[in-house]
Colleague: 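Sending over a structure as structure tokens; questions will come in a sec.
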Amino acid sequence: MSSLEKSDIVSGLPAPVAVTFVGHFQGAGGVAMHGQSLLGPGHGSDQEALQRLEADGYVQRISDAQWGPSYQTTTKGNALANHRWTKPITRKTADRLLADAVARAEAFNADDNRATVIARIRVFGSYLNPEKDRLGDLDLGLDVRLRRPYDQQAAFTYANRAGVLYADSLVDHEAWLRAEAAKAVRGPSRSISPTTENPADLNGAWRDVYEFDGLTLLPEVAQRGAEHLGW
């Protein structure tokens, strides 16, 4: 969401507040606990804010429990939650950052020790508006897929080698792998904003800028994608 300004209002919330708040409901989702508030004073209740965010397409209600309803970000909500407040960059800088990101994706894919591959990179957002020379950041969608079929012990070994601790489940493993790939593509730049959501699911233009040409040599899970990993 490179066009977002700090002075904007998102579903009745100041944009910086909305970005932080929606981030609590990424991944597997989060619970809007009765009697507790993630929002600060002056912004109303969590439940009221979530209802507005749901109506505007940023979150979806996924379950109800006695302690409160659970919500999960949509593709649109993830784009909001992933927004970073960075200084504008020129198109020339964005072109250089894009080339660097593609080079890092190629290096990532060439490393067979990685558990995933980046099958495709799509650019979207203000970069595709030729009339804009000053851009908020470089928005990239990453199609991240498992390199080989999931194996619980192999996943544990992979995470342990990387020094990462998380619950022993496929869902947590996939969430961490998405973050690992995004971090690798972003590199040291704060002006690159990667997401593993498909930009085609958003309202707006997008363009493929990279496709991994070794995908057909990998197992079917890499070629077709898994249920929750890959477009």
Side-chain angles (χ1 to χ4, degrees), residues 1-34 36-40 43-65 67-86 120-128 135-144 166 171-172 174-183 185-186 190-206 225-231:
M1 298 192 64
S2 54
S3 62
L4 189 66
E5 303 289 341
K6 287 189 175 181
S7 58
D8 289 343
I9 300 297
V10 178
S11 299
L13 297 172
V17 174
V19 168
T20 301
F21 182 60
V22 170
H24 292 291
F25 302 93
Q26 284 188 286
V31 180
M33 301 286 288
H34 294 310
Q36 298 183 23
S37 180
L38 295 169
L39 291 171
H43 300 303
S45 71
D46 289 2
Q47 286 78 11
E48 291 173 341
L50 285 164
Q51 288 173 6
R52 296 194 302 271
L53 288 163
E54 183 178 27
D56 292 338
Y58 293 103
V59 298
Q60 57 186 353
R61 192 165 178 156
I62 55 176
S63 66
D64 292 288
W67 48 82
S70 293
Y71 288 85
Q72 185 179 50
T73 47
T74 61
T75 298
K76 182 179 178 181
N78 282 326
L80 174 64
N82 290 334
H83 182 79
R84 294 193 306 281
W85 306 103
T86 56
R120 181 183 295 105
I121 297 179
R122 284 178 173 167
V123 64
F124 63 105
S126 59
Y127 181 85
L128 295 179
L135 314 177
D137 54 15
L138 179 64
D139 294 307
L140 300 177
L142 312 181
D143 183 359
V144 180
Y166 51 73
V171 172
D172 290 320
E174 289 178 342
W176 183 78
L177 291 176
R178 284 192 291 268
E180 180 191 45
K183 181 179 179 180
V185 169
R186 181 188 299 118
R190 288 180 53 83
S191 295
I192 297 177
S193 182
T195 176
T196 54
E197 299 289 338
N198 189 348
D201 294 334
L202 297 170
N203 292 325
W206 54 268
E227 182 178 2
H228 300 294
L229 201 64
W231 302 340

Colleague: Has T74 got a side-chain atom pairing as donor or acceptor with G57's backbone, closer than 3.5 angstrom?
Modeller: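 Answer holds: yes.
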
Colleague: Would you say that more than 12 heavy atoms from the other residues, nucleotides or ligands in this model lie under 6.0 Å from the CH2 of W85, or not?
Modeller: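 For W85, atom CH2 is crowded (more than 12 foreign heavy atoms under 6.0 Å).
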
Colleague: Rounded to the nearest 0.5 Å, how far does CD of Q60 lie from OG of S70?
Modeller: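 Those atoms lie 11.5 Å apart.
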
Colleague: Can you tell me how far CZ of F124 sits from CD of E197, rounded to the nearest 0.5 angstrom?
Modeller: 9.5 Å

Colleague: Identify the heavy atoms of D137 and S193 that sit nearest to each other, and give their distance.
Modeller: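 Closest pair (atom of D137, atom of S193, distance): OD2-CB, 3.6 Å.
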
Colleague: Would you call Q26 and N82 a side-chain contact if the rule is heavy atoms closer than 4.5 Å?
Modeller: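 Result yes, sub-4.5 Å side-chain heavy-atom pair found.
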
Colleague: Looking only at heavy atoms, which two atoms of D143 and G230 are closest? And how far apart?
Modeller: OD1-CA, 3.3 Å

Colleague: Does a donor on one side chain sit under 3.5 Å from an acceptor on the other, for T195 and N78?
Modeller: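 Side-chain D/A pair, T195 to N78: absent.
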
Colleague: In the structure I gave you, are the side-chain heavy atoms of F21 and V10 within less than 4.5 Å of one another anywhere?
Modeller: no

Colleague: Quick check: closest heavy atoms across S126 and G136, and the distance to 0.1 Å?
Modeller: OG-N, 4.2 Å

Colleague: Could you tell me whether the side chain of D139 reaches within less than 4.5 Å of the side chain of V123, counting heavy atoms only?
Modeller: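 Side chain of V123 against side chain of D139, heavy atoms only: no contact under 4.5 Å found.
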
Colleague: Which atom pair, heavy atoms only, marks the closest approach of A49 to L39?
Modeller: CB-CD1, 3.7 Å

Colleague: Take atom CZ of R61 as the centre, draw a 6.0 Å sphere, and report whether it contains more than 12 heavy atoms from other residues, nucleotides or ligands.
Modeller: yes

Colleague: Roughly how far, to the nearest 0.5 Å, is the CG atom of L38 from the NE2 atom of H43?
Modeller: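 The distance works out to 12.5 Å.
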
Colleague: Could you check if a side-chain atom of P199 sits within less than 4.5 angstrom of a side-chain atom of W231, using non-hydrogen atoms only?
Modeller: yes

Colleague: Checking N198 side chain against A200 main chain: does a donor-acceptor pair fall under 3.5 Å?
Modeller: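 Answer holds: yes.
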
Colleague: Check whether D8 reaches the backbone of A15 with its side chain - one donor and one acceptor, N or O, closer than 3.5 Å.
Modeller: no

Colleague: Using modelled atom types only, decide if a donor and an acceptor are shared between the side chain of R52 and the backbone of S11 within a distance under 3.5 Å.
Modeller: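 Judged by distance alone, yes, a pair lies under 3.5 Å.
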
Colleague: Between atom CD of E48 and atom CD of Q51, what is the distance when rounded to the nearest 0.5 Å?
Modeller: 7.0 Å

Colleague: Checking T73 side chain against V59 main chain: does a donor-acceptor pair fall under 3.5 Å?
Modeller: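 It does not hold such a pair.
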
Colleague: Hey, does the side chain of D46 reach the backbone of A32 with a donor-acceptor pair shorter than 3.5 angstrom?
Modeller: no

Colleague: As an exercise, state the distance from CZ of R122 to CG of L202, rounded to the nearest 0.5 Å.
Modeller: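 With rounding to 0.5 Å, CZ (R122) is 11.0 Å from CG (L202).
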
Colleague: Look up atom OH in Y58 and atom OG1 in T75, then write down how far apart they are to the nearest 0.5 Å.
Modeller: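 Between atom OH of Y58 and atom OG1 of T75 there are 13.0 Å.
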
Colleague: Show your reasoning for whether side-chain contact (heavy atoms from CB on, under 4.5 Å) applies to Y71 and L53.
Modeller: CA-CA 10 Å; Y71 288 85; L53 288 163; over 6 Å; no

